[in-house]
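The model shown is predicted, which means the values in this text are computed figures rather than measured ones.
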Amino acid sequence: CAAISAVGVSGNIGVTRRGEVKEYADGAYSKRHETVKGFTGGIDVAGIERLNLDTGKADVTSTEHHRTGTFSTQTTTSQEGQVRVLGLNAASWDVSYSQKNDDLFGSREVAIEYH
């Protein structure tokens with residue numbers, strides 16, 4: 001008798017890198033890059049992850065860029081460190097850097113936040 005299962009467990013041990021880029025018609029974009037050192041994986045049902053079991057140290061970098069006016073743009077970059085245990089954040093820290101270009105001549109405003 002052969003049995004077919006729609007439930008599976010998958011994972012990686014070591015360094016796992018994940019990335020995502022979204023681009024929009026108006027020139028806006030967002031990027032997200034994650035590096036996890038430890039175990040990444042989980043339990044899948046019909047190929048869709050239902051339980052995240054990531055355990056280790058994660059470094060996450062996110063960037064968002066969008067227009068705020070005719071000659072104005074704003075770019076925000078965040079870097080976050082996380083300690084994950086069985087898919088939950090046990091500890092985290094982050095730094096955010098935002099740059100706003102307000103006009104054609106390059107007037108800038110920069111803000112840095114650390115949590």
Side-chain angles (χ1 to χ4, degrees):
C1 259
I4 297 175
S5 175
V7 178
V9 177
S10 64
N12 297 314
I13 295 175
V15 178
T16 302
R17 292 180 177 88
R18 301 174 185 146
E20 176 182 41
V21 176
K22 294 180 184 177
E23 296 182 17
Y24 304 95
D26 65 355
Y29 63 84
S30 66
K31 298 185 216 178
R32 186 174 191 278
H33 177 77
E34 174 180 278
T35 301
V36 181
K37 295 178 184 175
F39 173 81
T40 57
I43 297 175
D44 301 337
V45 176
I48 299 171
E49 185 178 80
R50 295 292 182 187
L51 181 61
N52 182 331
L53 299 174
D54 290 0
T55 299
K57 182 182 179 291
D59 295 308
V60 181
T61 302
S62 300
T63 301
E64 291 186 13
H65 175 84
H66 61 275
R67 292 195 177 281
T68 56
T70 304
F71 297 108
S72 303
T73 61
Q74 182 167 357
T75 304
T76 303
T77 300
S78 300
Q79 292 184 324
E80 183 176 6
Q82 302 171 343
V83 175
R84 297 180 184 166
V85 178
L86 299 177
L88 302 174
N89 286 343
S92 66
W93 56 96
D94 64 88
V95 173
S96 180
Y97 171 85
S98 181
Q99 179 174 321
K100 188 179 210 180
N101 293 323
D102 280 332
D103 59 29
L104 182 61
F105 302 107
S107 171
R108 292 183 180 181
E109 177 184 323
V110 176
I112 299 175
E113 295 181 27
Y114 179 77
H115 300 278

Taking CD in Glu80 as the centre, count heavy atoms belonging to other residues, nucleotides or ligands within less than 6.0 Å. Is the count above 12?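 Above 12, so yes.
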Around atom NZ of Lys57, are there more than 12 heavy atoms from other residues, nucleotides or ligands closer than 6.0 Å? yes
Using side-chain heavy atoms (C-beta onward) and a distance below 4.5 Å, is Arg67 in contact with Asp26? no
Do Lys100 and Ser72 have side chains that get closer than 4.5 Å, going by heavy atoms?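 Not in contact.
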Glu49: what forms a side chain to side chain contact (heavy atoms under 4.5 Å, CB included) with it, not counting sequence neighbours? Asp44, Asn52
Hey, could you give me the NZ/CZ distance between Lys37 and Arg84, rounded to the nearest 0.5 Å?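 So the gap between those two atoms works out to 13.5 Å.
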OG1 of Thr61 to NZ of Lys31: how many Å apart, nearest 0.5 Å?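 NZ of Lys31 is found 10.5 Å from OG1 of Thr61.
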Has Thr55 got a side-chain atom pairing as donor or acceptor with Leu53's backbone, closer than 3.5 angstrom?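 Pair found, side chain donor or acceptor close to backbone of Leu53.
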Report yes or no: do [X] and [Y] belong to one cluster of Ile/Leu/Val/Met/Phe/Trp/Tyr joined by side chain heavy-atom distances under 4.5 Å?
X	Y	answer
Val9	Leu88	no
Leu86	Val36	no
Ile43	Phe39	yes
Val60	Trp93	no

Counting only pairs under 3.5 Å, give me each side-chain donor-acceptor contact of residues 13-21, with atom names and distances, residues two or more places apart or in other chains.
{"unit_1": "Thr16", "atom_1": "OG1", "unit_2": "Thr40", "atom_2": "OG1", "d": "2.9"}
{"unit_1": "Arg18", "atom_1": "NH1", "unit_2": "Glu34", "atom_2": "OE2", "d": "2.6"}
{"unit_1": "Arg18", "atom_1": "NH1", "unit_2": "Asp54", "atom_2": "OD2", "d": "3.3"}
{"unit_1": "Arg18", "atom_1": "NH2", "unit_2": "Asp54", "atom_2": "OD2", "d": "3.3"}

List the atom of Ser98, the atom of Thr76, and the distance in Å for their closest heavy-atom pair.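 Closest heavy-atom pair between Ser98 and Thr76: OG-OG1, 3.4 Å.
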Residue pairs involving residues 42-67 (criterion ring-ring contact (aromatic ring centres under 6.0 Å, His included); sequence neighbours excluded): Tyr29-His65
